[in-house]
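When reading the values below, keep in mind they use all heavy atoms of this one structure, side chains included, and skip hydrogens, waters and symmetry mates. Count residues from 1 along the sequence.
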Amino acid sequence: MQTIELDLIHTILVSMIVLFVGRMLVAKIGALQRFSIPAPVVGGGLVAIALAFADGLAGLKFSFNMALKDSLLLMFFTTIGLAADARMLKKGGIKLIVFLAISAALIIVQNVVGIGAALAFDLHPAIGMFAGSITLVGGHGTGAAYAGRLGETMNLQGVMELAMAAATAGLVIGAVLGGPITEYLIKRHRLSGPAEAATEEKLAQEAETDEVSSRTLLNTLFLVLACLAGGKALARLVEGTGFILPDFVFCLLLGVVIRNSTIFVRSLQMSDRTIETVGDVALSLFLVMALMTMKLLDLANLAGPLLVILAAQTAVMLVFTVFVTYNAMGRNYDAAVISGGQVGFALSSTACALAIMKAVTQRHGASPIAFLIVPMVGAFFIDIVNALVIQGTLALPLFGFGP
């Protein structure tokens with residue numbers, strides 16, 4: 001067994017090469033464009049497969065320095081907060097509330113399916129929770145947090161490995177299926193985005209009035225880093241309360257507070273285009289790092305029942321998106337983009353959801369309402385709702401979690 005270790009500089013360099021390869025493949029392979037598969041998913045996924053073969057066949061492992069990965073995710077969500085002008089909430093209106101309600105219902109459905117399937121296989125119902133919203137909506141961070149707590153209190157063996165495997169499987173499934181589902185809805189209902197000419201004209205006007213410069217870049221990076229430092233400090237303050245929220249929620253909230261505290265001070269107004277640029281860079285590099293270091297061999301070793309539960313969750317997610325989300329959100333182009341975003345954050349992550357929506361809108365046209373609603377629900381509200389639902393479910397004696 002041989003291990004090749006890459007330091008931070010080489011890890012970033014490799015990540016950028018992988019991203020460029022993903023972009024090249026998406027540009028040259030029509031199927032990837034038709035299904036709106038994001039470039040970071042393509043590049044990162046291929047590297048993960050190659051590394052799995054290298055490990056399994058040649059005993060060759062690669063160790064990457066992922067010191068920046070978590071910070072990149074925090075930077076991305078901070079830019080979401082810095083772009084969240086409170087005046088834009090009026091544009092979301094009732095659709096924001098409807099989408100939040102739909103997403104909350106989906107969390108409950110995921111846990112019902114997971115627990116029901118676990119009981120059918122004569123497994124501890126907690127296994128169903130870890131193949132439900134704890135890891136699918138919550139991701140690796142929430143999965144690890146609850147695995148530590150429930151593994152000790154319920155004496156569950158191997159629950160941490162199970163949680164990480166389920167979260168990784170969800171990351172793969174959500175990243176791969178979000179684009180195709182959106183494309184299916186667009187084709188099935190003959191939808192179209194805004195006129196291409198109008199979109200290009202709007203982008204040109206924005207470019208003239210909001211340029212990216214060294215000054216705007218430094219201002220944005222300062223605010224992002226300040227939010228990261230403050231967010232981590234707030235996260236430490238609430239540790240031990242029993243109410244688990246990931247760090248990025250606090251970073252996003254600080255970004256929202258800063259943005260809406262400065263909109264009336266002309267000298268402190270921020271560059272939306274620079275914020276978007278920083279967010280795009282952070283998102284792309286984070287996804288590449290997350291995907292290319294997936295432990296695919298661990299997924300191959302998953303027990304049969306867990307694979308069946310995850311397959312059931314995937315089927316339920318697709319049916320829910322096509323027949324509930326799309327119809328409830330207005331049966332139009334925006335609803336289709338929102339539906340694809342929901343597949344992303346409900347199975348994978350909000351970062352992946354944004355990447356999916358960017359890939360779709362680059363091909364079919366802009367959807368401002370989708371990029372307003374999905375990040376707000378997927379990056380903030382859904383984690384609070386998920387934590388409440390998980391805590392409530394764990395208190396139900398019916399499922400064996402009660403006292």
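- At least one side-chain heavy atom of Leu119 sits less than 4.5 Å from a side-chain heavy atom of Pro125.
- Ring geometry, Tyr326 versus His189: the interplanar angle falls under 30°, so the pair is classed parallel (tilted spans 30 to 60°).
- Around atom CE of Met16, no more than 12 heavy atoms belonging to other residues, nucleotides or ligands sit under 6.0 Å away.
- Rounded to the nearest 0.5 Å, atoms CG (Leu191) and CG (Leu185) are 7.5 Å apart.
- Counting only distance, with no hydrogens or angles, the side chain of Gln110 and the backbone of Gly132 share no donor-acceptor pair below 3.5 Å.
- When side chains are defined from C-beta on, His364 does not count as touching Ser192, because their heavy atoms never get closer than 4.5 Å.
- Distance alone, capped at 3.5 Å, is enough to place a donor-acceptor pair between the Gln33 side chain and the Ala27 backbone.
- Asp55 places no side-chain N or O within 3.5 Å of a backbone atom of Leu51 that could act as its donor or acceptor partner.
- Note that the CD1 atom of Ile356 and the CD atom of Gln342 stand 11.5 Å from one another [nearest 0.5 Å].
- Contact check for Ile186 versus Val360: side-chain heavy atoms found under the 4.5 Å cut-off.
- Atom CD1 of Ile9 sits in a sparse spot, with 12 or fewer heavy atoms from other residues, nucleotides or ligands closer than 6.0 Å.
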Any chance you could lay out the side-chain contact (heavy atoms from CB on, under 4.5 Å) test for Ser103 and Phe345, step after step, and finish with the verdict?
CA-CA 10 Å; Ser103 299; Phe345 76 72; 3.6 Å; yes
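- Counting only heavy atoms from C-beta outward, the side chains of Leu354 and Pro375 approach each other to under 4.5 Å.
- Looking only at side-chain heavy atoms (C-beta outward), Leu372 and Ile369 come within less than 4.5 Å of each other.
- Leu136 has its side chain within reach of Leu310: a pair of non-hydrogen atoms, C-beta onward, lies under 4.5 Å apart.
- Note that CD of Glu5 and NZ of Lys61 are 12.5 Å apart. Values are rounded to the nearest 0.5 Å.
- Considering only heavy atoms from C-beta on, Thr325 comes within 4.5 Å of Phe320 through its side chain.
- At a threshold of 4.0 Å, the pair Lys358-Asp280 counts as salt-bridged, since one of the basic side-chain nitrogens sits closer than that to a carboxylate oxygen.
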Could you walk me through whether Asn386 and Ser133 satisfy the side-chain hydrogen bond (donor to acceptor under 3.5 Å, both in side chains) test, starting with their C-alpha distance in whole Å, then the side-chain angles of each, then the deciding distance to 0.1 Å, before giving a yes or no?
CA-CA 7 Å; Asn386 192 30; Ser133 73; 2.8 Å; yes
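- Remark: the Thr216 side chain and the Ser271 side chain contain no N/O donor-acceptor pair separated by less than 3.5 Å.
- The pair Asp70-Lys232 does not count as a salt bridge, with every side-chain nitrogen at least 4.0 angstrom from each carboxylate oxygen.
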Take Leu46 and Met292 through the side-chain contact (heavy atoms from CB on, under 4.5 Å) test and state the conclusion after the steps.
CA-CA 7 Å; Leu46 287 177; Met292 75 180 189; over 6 Å; no
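- Inter-residue side-chain proximity for Met329 and Ile102 is flagged as met; some heavy-atom pair is nearer than 4.5 Å.
- Side chain of Thr182 to main chain of Gly178: a donor-acceptor pair is present (N/O by atom type, distance under 3.5 Å, no hydrogens or angles).
- Atom CD1 in Ile134 sits 4.5 Å away from atom CD1 in Ile390 (nearest 0.5 Å).
- Using modelled atom types, one side-chain atom of Thr11 and one backbone atom of Asn65 make a donor-acceptor pair closer than 3.5 Å.
- The CG atom of Leu25 lies 13.5 Å from the CZ atom of Phe20; values are rounded to the nearest 0.5 Å.
- Distance CG/Asn327 to OG1/Thr321: 11.5 Å, rounded to 0.5 Å.
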